[in-house]
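Reviewing the structure listed below.
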Amino acid sequence: MTDPAGESNDGPLRLDFDRRLMLQFRGSAVTSDAGLLAYRELDDALGLTAMAGESLSDARTGKNGRHRLVGLLRQSVFGRLAGYEDVNDADRLCRDPAMRWIVGGRGAEGSAASASEMGRFEIEWLAGPENLTTLADLSGRWIDRVHSRNPPKGIVLDMDSSESPTYGEQESSAYNGHFRCTCYHPLFVFNQFGDLERCALRPGNVHSADGWEGMLKPVVARYRTSKDRRKKVRLYFRGDAAFAMPELYEFLEGEQIKYAIRLPANRVLQEKIGYLLNRPVGRPPNEVRRFHASFSYQAQSWKKPRRVVAKVEWHPGELYPRVGFIVTNMRRPAENVVAFYNQRGTAEQWIKEGKAAIKWTRLSCRSFAANAVRLQLHALAYNLGNFMRTLAMPEAVEQWSLTSLK
């Protein structure tokens, strides 16, 4: 009979990243975050935080540092993965058995970093220009490590922006009329697997596409030049109407990247499909009637004509049709181009997961650089969680949200 106190007669379970660690049920020493140990095991198998620790510069000059740089980084990333988005949570996490073993080193048998030490690590050491640049590149390097084990044949890049509301005197926060709040306005690039390829924190009042070069070009360069096999990876790009800019079209065409970008409607475009805008004759049907068209179009700011795909939908009970335009260099049938573009909505879903599960809108530091560091740490936590979902989860739960997995 099983012990009524919950003790198990089986031997303890040991993890590969540190064979000294034993997992067993003991009511006197429990943690509510033991699930993080599975993520730590995945981290060790891929060598993710170890890679980061080798790349970041340690600003400490003394010889009495209790924790290694990689241990502090693990505490920052894994704490966010567990939903502890504030540095002051370290006052409790430093004594948590799971977190102590995740940090490793002296923390395994003593305590993890305190709130004051974590504050210095994130706000001072990582906020330096060199470390902030390294943090921005780490997400892509982690994805490269994952893809080296299972190289994809094609990569679809989705670029989108979002808001991170601010509630104080944070540097560079500003009112954004589109989101109707005072906020930061970060920019994200995802791939079709849900991995966050790159992100950047921006002031709250910039345009949605502001700084796209600094986001997209490093990602494309990684896939083009990292390894010989990268040259065989087909790249695709999707974006909403905010990214309908000739400079972006020209860059994508120069890199031979297929794209589908929503195009704002205008009078000329409407005239091109005028024959589809006449209300169908007869009794309105009870289902949606959908029509597609494809034609060549050149705006005044364009150097050459490009293909535009139009979608016209007549919905029951609506007097006017819903019309959308997409500029593309793809040769697929018009309805297939629309179907490809519609999948861009998954990027919005992943942004919502980052907000709900990782709490990456929690940017409460005073300085802009410190908040930029916090966003990058949240991005690393998000990617680690997504790697677990896509690489290690059983098929029955691989579609679960990060919130459910947490």
Side-chain angles (χ1 to χ4, degrees), residues 15-18 33-56 70-71 73-85 98-99 101-104 134-158 188-199 219 222-223 226-227 229-230 233 346-347 349-360 375-406:
L15 297 177
D16 291 334
F17 75 83
D18 193 325
D33 296 311
L36 288 178
L37 297 174
Y39 292 92
R40 177 65 180 85
E41 187 82 341
L42 177 64
D43 170 34
D44 186 69
L46 297 174
L48 300 179
T49 53
M51 173 205 303
E54 295 171 357
S55 304
L56 294 169
V70 67
L73 180 66
R74 284 175 183 149
Q75 185 167 341
S76 289
V77 172
F78 281 80
R80 286 170 167 82
L81 185 58
Y84 303 105
E85 68 273 14
M99 185 58 69
W101 283 93
I102 285 170
V103 170
T134 300
L135 279 176
D137 293 334
L138 270 178
S139 288
R141 295 178 61 191
W142 281 18
I143 293 172
D144 286 344
R145 181 66 60 86
V146 172
H147 288 176
S148 67
R149 300 194 171 205
N150 187 20
K153 294 182 179 180
I155 294 293
V156 181
L157 300 175
D158 290 305
F188 303 92
V189 178
F190 292 89
N191 62 33
Q192 73 270 31
F193 308 111
D195 304 324
L196 181 52
E197 294 272 358
R198 198 174 183 88
C199 65
V219 175
R222 266 186 32 243
Y223 284 106
S226 293
K227 295 181 181 179
R229 68 171 180 82
R230 299 289 186 192
V233 175
T346 55
Q349 171 189 331
W350 293 321
I351 289 176
K352 290 179 181 178
E353 284 198 336
K355 291 180 177 181
I358 310 299
K359 309 293 179 59
W360 66 31
L375 180 63
Q376 298 299 336
L377 293 171
H378 281 102
L380 295 176
Y382 168 88
N383 276 332
L384 182 57
N386 195 58
F387 294 157
M388 175 65 78
R389 175 169 56 184
T390 57
L391 299 177
M393 285 291 102
E395 184 176 354
V397 300
E398 64 182 3
Q399 299 301 321
W400 284 14
S401 69
L402 293 185
T403 302
S404 297
L405 292 177
K406 182 177 72 174

Euclidean distance, [Y] [atom2] relative to [X] [atom1], rounded to 0.5 Å:
X: H378; Y: I358; atom1: NE2; atom2: CD1; result: 7.5 Å
X: L56; Y: M51; atom1: CG; atom2: CE; result: 11.5 Å
X: T390; Y: Q399; atom1: OG1; atom2: CD; result: 10.5 Å
X: D195; Y: W350; atom1: CG; atom2: CH2; result: 8.5 Å
X: R74; Y: D44; atom1: CZ; atom2: CG; result: 7.5 Å
X: L48; Y: D43; atom1: CG; atom2: CG; result: 5.0 Å

Check whether any side-chain heavy atom of [X] sits under 4.5 Å from a side-chain heavy atom of [Y], and report yes or no.
X: R80; Y: L377; value: yes
X: E353; Y: R389; value: yes
X: L138; Y: L135; value: yes
X: L405; Y: Y39; value: yes
X: R149; Y: L46; value: yes
X: L391; Y: F193; value: no
X: H147; Y: N191; value: yes

Exercise: identify the closest heavy-atom pair between [X] and [Y]:
X: A98; Y: L37; result: O-CD2, 4.1 Å
X: G47; Y: R145; result: O-NH1, 3.5 Å
X: G53; Y: V70; result: CA-CB, 4.2 Å
X: L81; Y: A381; result: CD1-O, 3.4 Å
X: L380; Y: S139; result: CD2-OG, 3.7 Å
X: N386; Y: L402; result: N-CD2, 4.0 Å

Inset, instruction - Name the orientation class of the two ring planes belonging to F387 and W142 (parallel below 30°, tilted from 30 to 60°, perpendicular beyond 60°). - result: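 F387 vs W142 ring planes: tilted.
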Inset, instruction - Look at the aromatic rings of Y382 and F190 and report parallel, tilted or perpendicular, splitting at 30° and 60°. - result: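 Perpendicular.
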Legend entry - Residue list, salt bridge (Lys or Arg N to Asp or Glu O under 4.0 Å) with K352, at least two apart or on another chain: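 For K352 there are no salt bridge (Lys or Arg N to Asp or Glu O under 4.0 Å) partners, ignoring immediate neighbours.
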Inset, instruction - Verify, without hydrogens or angle tests, whether E197 (side chain) and V189 (backbone) share a donor-acceptor contact under 3.5 angstrom. - result: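 Pair absent, no side-chain N/O of E197 close to backbone of V189.
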Inset, instruction - For Q75 and I102, run side-chain contact (heavy atoms from CB on, under 4.5 Å): C-alpha distance rounded to whole Å, both residues' side-chain angles, the deciding distance at 0.1 Å, then the answer. - result: CA-CA 7 Å; Q75 185 167 341; I102 285 170; over 6 Å; no
